[in-house]
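Just so it is clear, the model here is predicted, and its values are computed rather than measured. Within every chain, numbering begins at 1; the chains are lettered A, B, ... in the order of the sequence lines, protein sequences first and strands thereafter.
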Protein chains: 2
Amino acid sequence: MKNALTFLQDHGIQPTAQRVAIAEAVLDNTTHPTAEEILVDAQKRCAIVSRATVYNALKLFVEKGMLRTQIIREGTVVYDPNTQNHHHFIDEESGTIIDIPWDWLKVQGKQNLEEYDIHEYQVILRGRKKR
Amino acid sequence: MKNALTFLQDHGIQPTAQRVAIAEAVLDNTTHPTAEEILVDAQKRCAIVSRATVYNALKLFVEKGMLRTQIIREGTVVYDPNTQNHHHFIDEESGTIIDIPWDWLKVQGKQNLEEYDIHEYQVILRGRKKR
DNA sequence: CACGAAATTAGAATTAATCTAAATCTTGAC
DNA sequence: GTCAAGATTTAGATTAATTCTAATTTCGTG
């Protein structure tokens, strides 16, 4: 369990009651929540938090490298506390987004892309999770 | 240059003046346009086309397998007339989305995903195009 | 404690997309 | 050819995600 207060400080972010609540709502959350979901969760954590503050804080957290956004769901941005390289699997039945460890997959053939300066990449997989 | 009328018929779609204009606007378009961009283009092609009709027609075209949607751009769906498997490169400077041929890249290690039933996947790359 | 900067806020504004219900075409049966 | 049934189109209302605005509150420092 990450300590939200320490985490904010480590990223050079002035901690406030609202930011701590928002950080707590997102830092250990592996479900790839939307801003709206984070708002609901943060409001449960005692602080008075407005929608605008959630959007402001998430934008700041991303700028400071504490979180990343992922463009994976139609119509809405999701937030990802996993800032390491990784891939994503999307369950087509439930919409659940699951992290896939970076070293599970290898992408070969990037020498074909010499016209491109690649900053980052990931594999996006869609299907169903077995059980 | 694909013939829009024939293309509609081949996909079991009743052709109308509006649908032909919309199909022409999207079928040879490799820029991954949004519905709004397709509306503007279709309206130039002489037919009277409303926004609702563009959304209706694009939804139908996707259902019939004539187009695919891609979730690549923040906040909006883009349409892709390339229904073959392929990857995407996104130029971070301009936002331009470029198709990368399927066989330029190989993804290895899918045996690590035996818990998952994979229907499709693609590599999404971000960076800058050199010139 | 006072002051200026930073943070928060409610609500308005914007944008993409969907919905609604009425108007307008087609098409096939006769 | 005529007409009803069904398909298509439409303007505008609605919804949802996000950003903006401008006023208020809180904070850190001297």
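- Side-chain atoms of B:N85 do not come within 3.5 Å of backbone N or O of B:W102 as any donor-acceptor pair.
- Taking atom CD1 of B:I48 as the reference point, atom P of C:dA23 lies 19 Å away to the nearest angstrom.
- When rounded to the nearest whole Å, the span between CD of B:E37 and P of C:dT15 equals 14 Å.
- Counting only heavy atoms from C-beta on, A:A52 has its side chain closest to C:dG11 among C:dA16, D:dT9, C:dG11.
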Polar pairs (N or O, both sides) under 3.5 Å between protein and nucleotides 25-30 of chain D?
{"from": "D:dG28", "atom 1": "OP1", "to": "A:Q14", "atom 2": "NE2", "distance (Å)": "3.1"}

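- A pairwise comparison of heavy atoms in B:A4 and B:L27 identifies CA-CD1, 4.1 Å as the closest pair.
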Next item on the list: Evaluate side chain to side chain contact (heavy atoms under 4.5 Å, CB included) for A:R73 paired with B:I71, printing each intermediate quantity in order.
Entry: CA-CA 7 Å; A:R73 263 181 58 173; B:I71 300 173; 6.0 Å; no

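- Atom CD of A:E74 has 12 or fewer heavy atoms from other residues, nucleotides or ligands within 6.0 Å.
- Looking at every heavy atom in both residues, A:Y55 comes nearest to A:E36 through OH-OE1, 4.4 Å.
- When the nucleotides C:dT18, D:dA17, C:dT9 are ranked by their closest atom to the side chain of A:Y55, D:dA17 comes out on top.
- Side-chain atoms of B:Q70 and B:H32 form no donor-acceptor pair, as typed in the model, at a separation below 3.5 Å.
- Taking atom CG of B:L39 as the reference point, atom P of C:dT15 lies 15 Å away to the nearest angstrom.
- The distance from atom CD of A:Q18 to atom P of C:dA7 is 11 Å, rounded to the nearest whole Å.
- For B:E74 and D:dA17, the CD to P distance is 14 Å, given to the nearest whole Å.
- Residue B:R19 forms a side chain to side chain contact (heavy atoms under 4.5 Å, CB included) with just one option from B:V49, B:L8, B:V54, and that option is B:L8.
- Among the nucleotides D:dT10, C:dT8, C:dA17, the one closest to any side-chain atom of B:S50 is D:dT10.
- Here the closest non-hydrogen pair linking B:P81 and B:L67 is CA-CD2, 3.7 Å.
- For D:dA17, the OP1/OP2 oxygens have no side-chain nitrogen or oxygen of A:R73 closer than 4.0 Å.
- Across all strands, A:R51 comes closer than 4.0 Å to base atoms (heavy-atom distances).
- Ring geometry for A:H88 against A:H86 counts as perpendicular: the plane angle is over 60°, on a 0 to 90° scale with 30° as the lower cut.
- In this structure, A:L58 places its CG atom 15 Å from C1' of C:dA7, rounding to the nearest Å.
- Candidate nucleotides C:dA17, C:dT9, D:dT8 were compared by shortest atom distance to the side chain of B:A35, and C:dA17 ranks first.
- The number of heavy-atom neighbours closer than 6.0 Å to CD1 of B:I118, taken from other residues, nucleotides and ligands shown, is above 12.
- Between A:T76 and the phosphate of D:dT18, there is a side-chain N or O to OP1/OP2 separation shorter than 4.0 Å.
- Relative to the side chain of A:T53, the nucleotides D:dT9, C:dT9, C:dA17 differ in distance, and C:dT9 lies closest.
- Using a 4.0 Å cut-off on heavy atoms, none of the residues of residues 59-70 of chain A approach DNA chain C.
- Between the CD atom of B:E36 and the P atom of C:dT18 there is a distance of 13 Å, rounded to whole Å.
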